Number of protein chains: 2
Amino acid sequence: MTSKQEFIEKLRNSNLRPTKQRINICEVLFNRDKTFHFTINDLFNLIKDKTGEKVSLATVYNTVHAFHKKGYLKEIPINSNQTYFDTNVTDHHHFFDVKEEKLIDLKNEDVGPIEIQKSIPGKKIKSVEVLVKLED
Amino acid sequence: MTSKQEFIEKLRNSNLRPTKQRINICEVLFNRDKTFHFTINDLFNLIKDKTGEKVSLATVYNTVHAFHKKGYLKEIPINSNQTYFDTNVTDHHHFFDVKEEKLIDLKNEDVGPIEIQKSIPGKKIKSVEVLVKLED
DNA sequence: TCGTTGTTTATAATTATTCTAAAGAAGATT
DNA sequence: AATCTTCTTTAGAATAATTATAAACAACGA
Ligand SMILES: [Mn+2]
Ligand SMILES: [Mn+2]
Ligand SMILES: [Zn+2]
Ligand SMILES: [Zn+2]
């Protein structure tokens, strides 16, 4: 249970003004036990449901991108018509249930360390992500 | 160097009529030494350039999806506004050069075997893909 | 309180992809 | 070869996710 005050501070520390809309989005995104995987559309609908207040779609996009840029959200590479985001910003891997269109976290020990043996001159590794697709 | 005849046979064997357009697309896609990573738009432009003949964008989409369904192309999960495809349909992993927006194949021995230690009841693993993002 | 700057919003624009339906080409049948 | 059927191509319209615009609004500092 994170308090509204903490969200306000977090926003201030990030040079984002703590508006009503952003605080509501924080409640929906970060006030939970487990990691949360979502699309913009999921989030848009949840805000109305959970807070009772409507936030415009444009603001949801703006805020998600602001949080993404600040490192509070992670973008998950999937081929879907919608982009997926994740509140778990640590390096970790995923199951993707293709039928349910649902992401599930994998612990690093569920996959084991991945050592990339190849390198490209002038480039360095930014991230290593494993995506395990599941079917019935 | 694959001959036109071989493409025609391949198409016939797949219950796809060997039209001028599909043969041209085959030339562009499969008449090469190295694996080829592309977006629909890349391909659309290359067809005109390499064969001198124009194929409608709708046909490029249709054909790529037909080939994908037949297993002649692989879809690569990346967060990009465009979908990436790959002529290398074996199980393999990728570098993605974020700046250049370019995919590079990783050999399986460059990554090593990946053992997934977790399972979801009622689901089985369809694919395991590693995406290594590169930055400067 | 006032002025400045950042934010929200409705709406329009953009863009990748899919749909539609008519014209054309391939393959089979005579 | 002429005809028939089925599949394919195509231009253009439709769809849908995302981004841009610009006016109204809210937060902040003075
Ligand atoms: Mn996750
Ligand atoms: Mn590849
Ligand atoms: Zn983002
Ligand atoms: Zn496809």
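The structure presented is a predicted model; accordingly, all values stated were derived computationally and were not measured. Chain A is the first sequence line, chain B the second, and so forth, proteins listed ahead of strands; every chain is numbered from 1.
B/F38 pairs by the ring-ring contact (aromatic ring centres under 6.0 Å, His included) definition with B/F36, B/F85, not counting sequence neighbours. The side chain to side chain donor-acceptor pair (under 3.5 Å) check on A/K99 picks up A/D136, with sequence neighbours excluded. With sequence neighbours excluded, no residue forms a salt bridge (Lys or Arg N to Asp or Glu O under 4.0 Å) with A/E115. For B/T51, the side-chain contact (heavy atoms from CB on, under 4.5 Å) criterion is met by B/N24, B/V28, B/I47, B/E53, not counting sequence neighbours. Residues satisfying the ring-ring contact (aromatic ring centres under 6.0 Å, His included) criterion with B/H93, sequence neighbours excluded, are absent altogether. Residues satisfying the salt bridge (Lys or Arg N to Asp or Glu O under 4.0 Å) test with A/K133, not counting sequence neighbours, are none. Here A/E109 pairs with A/K107 under the side-chain contact (heavy atoms from CB on, under 4.5 Å) rule; sequence neighbours left out.
Grouping Ile, Leu, Val, Met, Phe, Trp and Tyr residues whose side-chain heavy atoms lie under 4.5 Å apart, directly or via other members, places B/V111 in a hydrophobic cluster with A/F95, A/I104, A/L106, A/V111, A/I114, A/I116, A/I120, A/I125, A/V128, A/V130, A/V132, A/L134, B/F95, B/I104, B/L106, B/I114, B/I116, B/I120, B/I125, B/V128, B/V130, B/V132, B/L134.
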Show me the protein contacts with nucleotides 1-3 of chain D, counting only N or O atoms at under 3.5 Å.
none

Expected rows: protein N/O vs nucleotides 7-9 of chain C N/O, under 3.5 Å:
residue : atom : partner : partner atom : Å
C/dT7   : OP1  : A/R17   : N            : 3.1
C/dT7   : OP1  : A/R22   : NH1          : 2.5
C/dT7   : OP1  : A/R22   : NH2          : 3.3
C/dT8   : OP1  : A/T19   : OG1          : 2.4
C/dT8   : O3'  : A/Q21   : NE2          : 2.7
C/dT9   : OP1  : A/Q21   : NE2          : 3.2
C/dT9   : OP2  : A/S56   : N            : 3.0
C/dT9   : OP2  : A/S56   : OG           : 3.4
C/dT9   : OP2  : A/T59   : OG1          : 3.1

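Per the geometry, CG belonging to A/L11 stands 15 Å off C1' belonging to D/dC28, to the nearest Å. Between the P atom of D/dT8 and the CZ atom of B/F67 lies a distance of 11 Å, rounded to the nearest Å. Counting to the nearest Å, the P atom of D/dT8 and the CD1 atom of B/I23 are 13 Å from each other. The separation between A/N79 atom CG and D/dA17 atom C1' is 15 Å, rounded to whole Å. Rounded to whole Å, the distance from CZ on A/F44 to C1' on D/dA16 is 14 Å. A straight line from CD of A/Q82 to P of D/dT15 spans 17 Å, rounded to a whole angstrom. In this structure, the NZ atom of A/K69 is 11 Å from the P atom of D/dT19, given to the nearest Å. Rounded to an integer number of Å, the gap from B/E53 CD to C/dG24 C1' is 16 Å.
Hydrophobic clustering keeps B/Y84 apart from B/V89 (ILVMFWY residues linked when any side-chain heavy atoms are closer than 4.5 Å, directly or through intermediates).
Across all strands shown, B/T39 has no heavy atoms under 4.0 Å from either base or sugar-phosphate atoms.
Using five terminal pairs a side, the axes of the helix from C/dT1-D/dA30 to C/dT30-D/dA1 at its two ends make an angle of 20°, given in steps of 10 degrees.
In this model, the phosphate group of C/dG27 is approached by a side-chain N or O of B/R12 to a distance below 4.0 Å at OP1 or OP2. Here B/H65 does not reach the OP1 or OP2 of C/dT17: none of its side-chain N or O atoms lies under 4.0 Å away. Close to C/dT17, at under 4.0 Å from its OP1 or OP2, lies a side-chain N or O of B/Y61.
Figure legend: cation-pi geometry between A/K10 and A/F30, with NZ or CZ positioned under 6.0 Å from the six-membered ring centre and within 45° of its axis.
You'll find the side chain of B/D105 reaches within 4.5 Å of the side chain of B/H37, heavy atoms only.
Taking the side chain of A/T83 as heavy atoms from C-beta on, and the options D/dT18, D/dT19, C/dA26, the nearest nucleotide is D/dT18.
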List the atom pairs, donor and acceptor, that lie under 3.5 Å between side-chain atoms in residues 69-76 of chain A and the rest of the protein, sequence neighbours left out.
residue : atom : partner : partner atom : Å
A/K70   : NZ   : A/S14   : O            : 2.9
A/Y72   : OH   : A/S14   : OG           : 2.6
A/K74   : NZ   : A/E129  : OE1          : 3.2

